[in-house]
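Take a look at the structure set out below.
This structure is a prediction, so every number in the text was calculated from the model and none was measured. Chain naming here is simple, since letters A, B, ... match the order of the sequence lines and numbering starts at 1 in each.
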There are 2 protein chains.
Amino acid sequence: MKITNDPVVRIKDIALKAGVSVGTVDRVLHNRGNVSVKKHDKVMKALQEMHYEPNLMARALVSSKKHIIAALVPDAHVDSYWLEPQQGIAKAAKDLKQYGIRVTEYIFDPSDKQSFIDNANALTKNKPDGILVSPIFYHESLAFFEKWKKMNIPFVLFNTQIAEYDPLSYIGQDSYQSGLLAGKLIHYGQHKPCTVLIAHIDEDISNSAHLQKKEKGFRNYFFQNNLDGQFNIISVQLNRANTAAFIKPLDEIIEDHPDLASIFVTTCKAYEVAKYLEQRHIEHPSVIGYDLIPPNLYFLEKGRISFLINQNARAQGYWGIYQLTEHLVFKRKVEEIKYLPLDIVTKENINYFIDKDKPAVLGLP
Amino acid sequence: MKITNDPVVRIKDIALKAGVSVGTVDRVLHNRGNVSVKKHDKVMKALQEMHYEPNLMARALVSSKKHIIAALVPDAHVDSYWLEPQQGIAKAAKDLKQYGIRVTEYIFDPSDKQSFIDNANALTKNKPDGILVSPIFYHESLAFFEKWKKMNIPFVLFNTQIAEYDPLSYIGQDSYQSGLLAGKLIHYGQHKPCTVLIAHIDEDISNSAHLQKKEKGFRNYFFQNNLDGQFNIISVQLNRANTAAFIKPLDEIIEDHPDLASIFVTTCKAYEVAKYLEQRHIEHPSVIGYDLIPPNLYFLEKGRISFLINQNARAQGYWGIYQLTEHLVFKRKVEEIKYLPLDIVTKENINYFIDKDKPAVLGLP
DNA sequence: CAAATTTTTGTGTTCGTACACAGAAATTTA
DNA sequence: TAAATTTCTGTGTACGAACACAAAAATTTG
């Protein structure tokens, strides 16, 4: 039998041990100054010896002042991908309400820079206590980062990383690594030489660092493992807006490459490829894609999509708000970069990844 | 711009609205009785209308009485598998200390029923406020469940499920599902007819419901997908204690089945098979196993093990303590069964799964 | 109908921390 | 050296919920 814990130490205990009042300990703890060197040292010594750890509940209770967090996120009507982060944000807002967190969402059109600017301006005018933003427009974002920096408003980025003006934290997906992972999955499923297609759907690669990183990671998997000779990797950019730009290129690729064994879809639109294959009664190529959105799940269940890589977009939104809360309410240090797990999801383990209404007790791991 | 939250409602607000004192509201909230029907109704009405949700911080703060949780877990020296749950328990103990939780561990020898009984007796004598137990001995466990039930001590099971005497919660691995998943992974990697080996290492199948469920799930994958014809599935029980009982059967199987394509190891001992294959310079069979323990990670990194299925044993320990805390401290309803995710781990995404000082993200998606 | 008893209701204190404010000690100024 | 100022220190209150206890109202008893 072993006991895992030592007793709880309160500020009062520290004060007693150091021979000072709780007020003095408090001043030391928060570097508020106005403490004589002598007592400061005494308190520090007591703190070291007793391993003081603040009671987060009491702390949260007393500083129950309201913190307003502004979330600047793309409109899910334009690209349904953004539904997930938004759900995460909403969940976090609900869970963290009791800590005095209020979340205000500013929704911009991801296809319209001006919409981003307008919303960012509106947000800035309201002077929130913290900002969560998906800075998909690089240059436009920088200007606001500078403003927020000057206004001393902490901001957290998610989905897209921009290192300048050091944000409080970046919550992200590791696109390169996910490309590597997709490569592994496809390689594992294919032993004979064959053709593999990388399909970028509905997004302009040149404008998307993500897609580039995914493609690079994917290609590098085969390169690093000296598989270039066996696998003929081709890539294509498709656009659903225009049937000709979607169906036709696919038709041609299928015709030109009878040995096409797998298709790696770099966006959340794997279901479009699955649908296409089904309609054309093409059985052989396996499909790997991203994100647990309903149409993808449908084809995963059917077996038409083999794997989905879950980048935990929901969790990105959740963690963004969570990190800001840690900073604003509990004044804790937060990780500068937080990559969320890359889950490999199949028909057989899907049920662990949907729903996930996990509770939040702050302070928890 | 949309605001995600409504204002926080306190007991005081309810009392004001209902025209009573906070004491009365408190009595209604906790069914303490001694409230006139008239006022009771008024309070109920106010509660309904204002969507009261208790402030968990304040609640935990006021009832900051110590809760002692006893954890009855197998000795990791006998089977290193138990290291993971123990780490999870230790982490939870640390995180939840501030909520007044003290964890006492009782370590028993998993190969010795009497050791289980002795420790369980010692534990019971100390009358903890909650119990976390891995009831690997069925009959011996039942007797204690009955005692604890009578003593009104909530207990949570992990790792092994026993439904009688309804525990507060069961935290578990879904062994059947993980077998299915392993089947899928092997099938995905093998297109030609071949032989597949199920290896149970260092455990007696007949005594382990887990291993049986894993094998059943695995076989059913192939059965349900009408793949019986193509895949010749054989199984073997190996024991490292005796070299003859380990090396020899493997040698024979390899010789008898030149088309052996994959080996599914149902325990955490996949590294033993990987080591064997390496020493014999046998390249072709892919290996799939369980658990992220160092020797397995070594062979995963080398490529000798293709996939590891992570049953999140660490998280099992963590959640066990967590669920008891939810019940004891926050008085929240806890899920009766909590299956932890089955993660598919490869060389390419391993870094998200090790370390995990994961909050279990508590609360997270 | 008053006294005794029971039921119902309200008030006050507690938890650990943060912060405001008052009071004490040390320092500077005249 | 006294007064004014600055630096330092301790005390008191608030946060929201829980619970003990006191007070008030309703009921029973004599």
* Before giving the answer on side-chain contact (heavy atoms from CB on, under 4.5 Å), spell out for A:K127 and A:I68 the whole-Å C-alpha distance, their side-chain angles and the decisive distance to 0.1 Å. => CA-CA 9 Å; A:K127 291 185 190 160; A:I68 296 181; over 6 Å; no
* To do: Could you walk me through whether B:L157 and B:I162 pass the side-chain contact (heavy atoms from CB on, under 4.5 Å) test, one step at a time?
  => CA-CA 8 Å; B:L157 315 184; B:I162 297 179; 4.1 Å; yes
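OP1 and OP2 of D:dT7 both lie 4.0 Å or more from every side-chain N or O belonging to A:S36. Neither OP1 nor OP2 of C:dT9 sits under 4.0 Å from any side-chain N or O of B:K38. Dashed line: the shortest gap from a side-chain N or O of A:T24 to OP1 or OP2 of D:dC8 is not under 4.0 Å.
In this structure, A:Y170 has its ring center at least 6.0 angstrom away from the ring center of A:F158.
Under the side-chain hydrogen bond (donor to acceptor under 3.5 Å, both in side chains) criterion, A:K149 pairs with A:D166, sequence neighbours left out.
Atom P of nucleotide D:dT11 and atom CG of A:L16 are separated by 12 Å, given to the nearest angstrom. Atom P of nucleotide C:dG10 and atom CG of B:N34 are separated by 13 Å, given to the nearest angstrom. Going from atom CG of A:D13 over to atom C1' of C:dC15 covers 13 Å, rounded to whole Å. The interatomic distance linking A:L61 (CG) with D:dT13 (P) rounds to 18 Å, in whole Å.
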* To do: Starting at the 5' end of nucleotides 17-26 of chain D, put B wherever the base has a protein heavy atom under 4.0 Å, S where only the sugar-phosphate does, and a dash everywhere else.
  => BSB-------
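A:R27 approaches A:G33 most closely through the heavy-atom pair CD-O, 3.6 Å. Residues B:N121 and B:K147 approach most closely at OD1-NZ, 3.6 Å, considering heavy atoms.
For B:E49, the CD atom counts as densely surrounded, since its 6.0 Å shell holds more than 12 non-hydrogen atoms of other residues, nucleotides or ligands.
When the C1' atoms of four end pairs are superposed on the next four at each end of the helix from C:dC1-D:dG30 to C:dA30-D:dT1, using five pairs per end, the two resulting axes differ in direction by 60°, to 10°.
In this structure, B:T24 and B:V35 have side chains that are in contact, with non-hydrogen atoms separated by less than 4.5 Å.
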